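The structure displayed is predicted, hence computed values, not measured ones. Just the heavy atoms: all of them, side chains too, but no hydrogens, waters or symmetry mates, feed the values below. Throughout, numbering of the chain's residues begins at 1 and tracks the sequence.
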Amino acid sequence: MTTELNIQVTEWSKIGDEVIHLYTITNANGVKVNIANFGAAIQSVVVPDKNGNYADVALGYDTLQGYEHDDFYIGTVVGRYANRIAGGIVEIDGKSYKVTTKEGGFHHHGGKVGFNKKVWEARLFADTDSVGVQLTYLSADGEEGFPGNLTTTVTYTLNDANQLAVDYKAVTDKPTILNLTQHMYFNLAGHNSGSILDHELMLPHQYYLPVNVMQVPKGDAGNVKGTPFDFTHFKTIGRDINAANEQLELSYGYDHSWVVKQKRSNELVLAAKAAEPKSGRKLSVYTTEPAIHLYTGNFLDGSPGKGGSPYGFREGFCLETQNYPDSPNHPDFPSSVLNPGETFTSKTVFEFGWDKDSEIEEPVI
C-alpha cells in the first residue's frame with residue numbers, strides 16, 4: 001500500500017518519433033490506475049478486495065501493439081461520435097456531411113480510425129487532494145467525415161476517496177457533432193477471471209432505448225418494468241440475459257442505453273452500481289451524461305489480453321456514459337451539436353469500493 005498520492009511515468013513504446021507513455025497514478029489506499037497516451041486508454045485499474053487482496057479489474061493489453069490491433073475499443077476514449085449513427089449522412093445546420101460507415105450502413109464509434117487509435121498529448125498534474133493526467137487531441141476538419149477542427153481534452157483524476165474522474169472538454173471552429181465515452185471493460189473479480197454473469201448490477205432508471213436490426217434506437221423509450229431490462233434493484237447480470245426477448249436476441253445480450261436524463265445538464269447523478277459478491281468489490285458510476293450504455297461483452301472472442309489471458313464471450317462488461325445513440329437522427333433526443341464559441345463539458349466518476357454492503361458516498365470530485 002502506498003502512503004500518498006503519486007504519479008510515475010514509464011516510456012512504453014514508440015510510433016515513429018512519437019513516444020507512448022504509461023502514466024501510473026496511485027492513491028493512499030493502493031488504488032493504482034495506468035493510463036496511456038495512445039487512445040487515452042485506461043490500461044489497468046488495481047483495487048483491493050474485502051480481504052485486502054489487490055487485483056486488476058479492467059481488461060486491457062500489456063503492449064501498445066495490443067491496442068493498435070484491438071477491435072473492441074478496450075479501455076479507450078471513443079469519438080468523435082461514440083456508439084452508432086444510422087446511415088452515412090448527418091445534417092448539421094442544414095448542411096449534409098458524409099461520415100464513415102461500417103458494413104450495414106451505420107457509423108460506429110468514430111469511424112475507421114477513431115480517437116481510440118490516436119496519439120494524445122499528455123500533461124501531468126498533482127496537488128494535495130488528487131493526481132492525474134490531462135490528454136489532448138486535435139481532430140482535423142473532415143476527419144472521418146466530420147466537420148470542424150475539434151480540440152478534445154480528457155482529464156483523468158484520482159483521489160483518496162477511490163474516485164477516478166473523467167472530465168471531457170471540447171471546442172470546434174465549425175458546427176459539428178460530438179459524443180464521447182470511456183470504453184472500459186470491467187471484471188470486478190479480476191480482468192482474467194472469466195464470466196461476469198454473477199456480477200450484481202443496479203441501473204436506477206425507468207426507461208431504456210429499444211433498438212432495431214441495425215442496433216440503433218427506434219426512437220421511443222421503453223419502460224423496463226416487467227422486462228429483462230429492469231435493473232432498478234440489484235440483480236445478477238446473468239439472471240435474464242438469456243431470456244426469450246427480441247431485444248436481447250438482436251444484440252446477443254445487453255448492448256443498450258438506459259435513460260439517465262431527458263435533457264443535458266451539468267448535474268452529476270448516479271447512473272449505475274455494480275458489485276462482485278465473492279471479492280466484495282463494488283463500482284459506482286456517476287455522470288452528467290444523458291445515458292448509460294450497458295454492454296456485456298457479447299462479441300469478445302477469446303483474443304488474448306494482459307498476461308496472455310483470453311478475453312472471451314461475456315467476460316467483461318462496459319458502463320459507457322454518453323449521449324443517446326443516433327441522436328443526430330432524432331430531433332427529440334438530447335442534441336449532440338457543438339458550435340463555435342461553445343465549450344462541450346462532461347464528467348463521469350467511477351468510484352471503487354470493496355464492501356458491497358457499505359454506504360456509497362457522493363462523489364467529491
Q: Same cluster or not: are Phe146 and Ile92 linked, directly or through other Ile, Leu, Val, Met, Phe, Trp or Tyr residues, by side-chain heavy atoms under 4.5 angstrom apart?
A: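 Linked within one cluster.
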
Q: Just by distance, do the side chain of Asn179 and the backbone of Ala82 share a donor-acceptor pair under 3.5 Å?
A: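 Here the side-chain-to-backbone pair exists.
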
Q: Has the side chain of Tyr156 got a donor or acceptor atom that lies under 3.5 Å from a matching backbone atom of Leu135?
A: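 It does not hold such a pair.
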
Q: Establish, for the pair Lys235 and Phe231, whether the NZ or CZ atom is under 6.0 angstrom from the six-membered ring centre and no further than 45 degrees off its axis.
A: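 Yes, Lys235 and Phe231 form such a contact.
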
Q: Between Thr153 and Gln134, is the side chain to side chain donor-acceptor pair (under 3.5 Å) condition met? List the steps.
A: CA-CA 7 Å; Thr153 300; Gln134 184 180 84; 5.5 Å; no

Q: Considering non-hydrogen atoms only, spot the tightest contact between Val31 and Leu158 and give its length.
A: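 Between these two residues, the closest heavy atoms are O-CD2, 3.7 Å.
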
Q: Minimum heavy-atom separation for Val133 and Ala122, please, with both atom names.
A: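 Nearest heavy atoms, Val133 then Ala122: CG1-CB, 4.3 Å.
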
Q: I'd like to know whether CG of Asn51 has more than 12 heavy-atom contacts from other residues, nucleotides or ligands below 6.0 angstrom.
A: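 Check passes, neighbour count above 12.
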
Q: Please check this pair: side chain of Lys347 against backbone of Asn266, looking for a donor-acceptor N/O pair closer than 3.5 Å.
A: no

Q: Within a radius of less than 6.0 Å around NZ of Lys32, do more than 12 heavy atoms belonging to other residues, nucleotides or ligands occur?
A: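 No, the 6.0 Å shell around NZ holds no more than 12 heavy atoms from other groups.
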
Q: Would you say that more than 12 heavy atoms from the other residues, nucleotides or ligands in this model lie under 6.0 Å from the NZ of Lys169, or not?
A: no

Q: What do the steps show when you test Ile20 against Tyr67 for side chain to side chain contact (heavy atoms under 4.5 Å, CB included), and what is the final call?
A: CA-CA 12 Å; Ile20 308 302; Tyr67 288 93; over 6 Å; no

Q: Test side chain to side chain donor-acceptor pair (under 3.5 Å) on Asn149 and Asp173; report intermediate values, then the result.
A: CA-CA 6 Å; Asn149 293 295; Asp173 61 2; 2.8 Å; yes

Q: Please round to the nearest 0.5 Å and tell me the distance separating atom CE of Met184 and atom OG1 of Thr348.
A: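 Taking CE in Met184 and OG1 in Thr348, the distance rounds to 9.0 Å.
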
Q: Between Glu276 and Lys282, does at least one N-O distance fall below 4.0 Å, as a salt bridge requires?
A: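 Lys282 and Glu276: not salt-bridged.
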
Q: Whether the side chain of Trp12 engages the backbone of Asp62 through a donor-acceptor N/O pair (distance < 3.5 Å, no angle test) should be reported.
A: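 Side chain of Trp12 to backbone of Asp62, a donor-acceptor pair under 3.5 Å: yes, one is there.
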
Q: So, do Asn223 and Gln206 sit near enough that their side-chain heavy atoms are less than 4.5 Å apart?
A: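 They are in side-chain contact.
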
Q: Membership question, hydrophobic clusters at under 4.5 Å side-chain separation (ILVMFWY): are Leu180 and Val171 in the same one?
A: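 No; tracing contacts between hydrophobic side chains, which count when under 4.5 Å, never links both residues.
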
Q: Would a distance-only check, ignoring hydrogens and angles, find a side-chain to backbone donor-acceptor pair under 3.5 Å from Arg281 to Asn187?
A: no

Q: Does atom OH of Tyr207 have more than 12 heavy-atom neighbours, drawn from other residues, nucleotides or ligands, at distances under 6.0 Å?
A: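 No, because the 6.0 Å sphere around OH of Tyr207 holds 12 heavy atoms or fewer from other groups.
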
Q: Would you check, one step at a time, whether the test side chain to side chain donor-acceptor pair (under 3.5 Å) holds for Thr136 with Glu121?
A: CA-CA 5 Å; Thr136 302; Glu121 181 180 345; over 6 Å; no

Q: For the hydrophobic clusters of this structure (ILVMFWY residues joined by side-chain heavy atoms under 4.5 Å, transitively), does one cluster hold both Leu248 and Leu203?
A: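 As far as the 4.5 Å side-chain criterion goes, Leu203 and Leu248 are connected within one cluster.
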
Q: Okay, side chain of Asn298, backbone of Ser251: is any donor-acceptor separation there less than 3.5 Å?
A: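 Side chain of Asn298 to backbone of Ser251: a pair is present.
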
Q: Measuring from Thr296:OG1 to Ile237:CD1, what's the distance to the nearest 0.5 Å?
A: 7.5 Å

Q: For Lys174, I'd like to know if atom NZ has over 12 heavy atoms of other residues, nucleotides or ligands within 6.0 Å.
A: no

Q: Would a distance-only check, ignoring hydrogens and angles, find a side-chain to backbone donor-acceptor pair under 3.5 Å from Asp160 to Ala28?
A: yes

Q: Determine the minimum heavy-atom distance between Ala36 and Leu22, stating which atoms define it.
A: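 Heavy atoms only, the tightest pair is CB-CD2, 3.9 Å.
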
Q: Between Phe106 and Thr101, is a side chain to side chain contact (heavy atoms under 4.5 Å, CB included) present by the stated rule, with each step listed?
A: CA-CA 5 Å; Phe106 57 88; Thr101 56; 5.9 Å; no

Q: Any donor-acceptor pair under 3.5 Å linking the side chain of Asn27 with the backbone of Asn159?
A: yes

Q: Between Gly302 and Pro310, what is the shortest heavy-atom contact and its length?
A: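 Closest approach of Gly302 to Pro310, heavy atoms only: O-CB, 3.3 Å.
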
Q: With the 4.5 Å side-chain cut-off for hydrophobic clustering, are Leu5 and Val166 part of the same group?
A: yes

Q: Counting the benzene-type ring for Trp, do His293 and Tyr295 have ring centres under 6.0 Å apart?
A: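 Ring centres of Tyr295 and His293 not closer than 6.0 Å.
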
Q: Output, in order, the C-alpha distance, side-chain angles, deciding distance and verdict of side chain to side chain contact (heavy atoms under 4.5 Å, CB included) for Ile85 and Ile177.
A: CA-CA 11 Å; Ile85 304 172; Ile177 56 173; 3.9 Å; yes

Q: Just by distance, with hydrogens left out, do Gln322 and Glu289 show a side-chain donor and acceptor under 3.5 Å apart?
A: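 Short answer, no.
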
Q: For the residue pair Asn323 and Pro334, what are the closest heavy atoms and their distance?
A: ND2-O, 3.0 Å

Q: Only one of Tyr81, Tyr137, Phe38 passes ring pair (Phe, Tyr, Trp, His ring centres under 6.0 Å) with Phe115; say which it is.
A: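 Exactly one option meets the ring pair (Phe, Tyr, Trp, His ring centres under 6.0 Å) with Phe115, and it is Tyr137.
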
Q: Would you say Glu68 has more than 12 foreign heavy atoms packed within less than 6.0 Å of its CD?
A: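 Yes - once you tally the heavy atoms of other residues, nucleotides and ligands closer than 6.0 Å, there are more than 12.
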
Q: List in chain and number order the residues that pass side-chain hydrogen bond (donor to acceptor under 3.5 Å, both in side chains) with Asp230, two or more places apart in sequence or in another chain; answer none if no residue qualifies.
A: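 Here the qualifying residues are Thr232.
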
Q: How many angstroms lie between atom OG1 of Thr181 and atom CG of Asn116, to the nearest 0.5 angstrom?
A: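 Those atoms lie 12.0 Å apart.
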
Q: Using the six-membered ring wherever Trp is involved, compare the ring planes of His256 and Trp258 and label them parallel, tilted or perpendicular (cut-offs 30° and 60°).
A: perpendicular

Q: For side chain to side chain contact (heavy atoms under 4.5 Å, CB included), just list the numbers for Asn29 and Asn162, CA-CA rounded to whole Å, side-chain angles, deciding distance to a tenth of an Å, and then say yes or no.
A: CA-CA 8 Å; Asn29 303 309; Asn162 310 313; 2.8 Å; yes

Q: Do other residues, nucleotides or ligands put more than 12 heavy atoms under 6.0 Å from Phe299 CZ?
A: yes

Q: Measure the OG-CG distance between Ser130 and Leu164 for me, rounded to the nearest 0.5 Å.
A: 11.0 Å

Q: Using distance alone, with no hydrogens and no angle criterion, decide if Thr236 and Asp198 have a side-chain donor and acceptor under 3.5 Å apart.
A: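 Looking only at side-chain atoms, Asp198 and Thr236 do not form any donor-acceptor pair under 3.5 Å.
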
Q: Transitively linked via ILVMFWY side-chain contacts under 4.5 Å: Tyr73 with Val119?
A: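 Shared cluster, no.
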
Q: What's the spacing between Tyr324 OH and Asn83 CG if we round to 0.5 Å?
A: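 Spacing of OH (Tyr324) from CG (Asn83) equals 13.5 Å.
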
Q: Kindly say whether Val211 contributes a backbone atom to a donor-acceptor pair with the side chain of Gln247 at under 3.5 angstrom?
A: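 The answer is yes, because a donor-acceptor pair under 3.5 Å joins these two groups.
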
Q: Which atom pair, heavy atoms only, marks the closest approach of Pro328 to Ser336?
A: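 Scanning both residues, the minimum pair turns out to be CG-OG, 3.8 Å.
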
Q: Quick one: do Asp326 and Arg84 satisfy salt bridge (charged side-chain N to carboxylate O under 4.0 Å, His left out)? Show the steps, please.
A: CA-CA 6 Å; Asp326 202 32; Arg84 301 185 181 207; over 6 Å; no

Q: Would you say Asp332 has more than 12 foreign heavy atoms packed within less than 6.0 Å of its CG?
A: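 Counting other residues, nucleotides and ligands, CG of Asp332 exceeds 12 neighbours.
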
Q: Between atom OG1 of Thr76 and atom NE2 of His183, what is the distance when rounded to the nearest 0.5 Å?
A: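 One gets 7.0 Å once the value is rounded to the nearest 0.5 Å.
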
Q: Could you walk me through whether Tyr311 and His191 satisfy the side chain to side chain donor-acceptor pair (under 3.5 Å) test, starting with their C-alpha distance in whole Å, then the side-chain angles of each, then the deciding distance to 0.1 Å, before giving a yes or no?
A: CA-CA 8 Å; Tyr311 295 149; His191 76 97; 2.7 Å; yes

Q: Counting distance only, does the side-chain N/O of His107 pair as donor-acceptor with the main-chain N or O of Gly110 below 3.5 Å?
A: yes

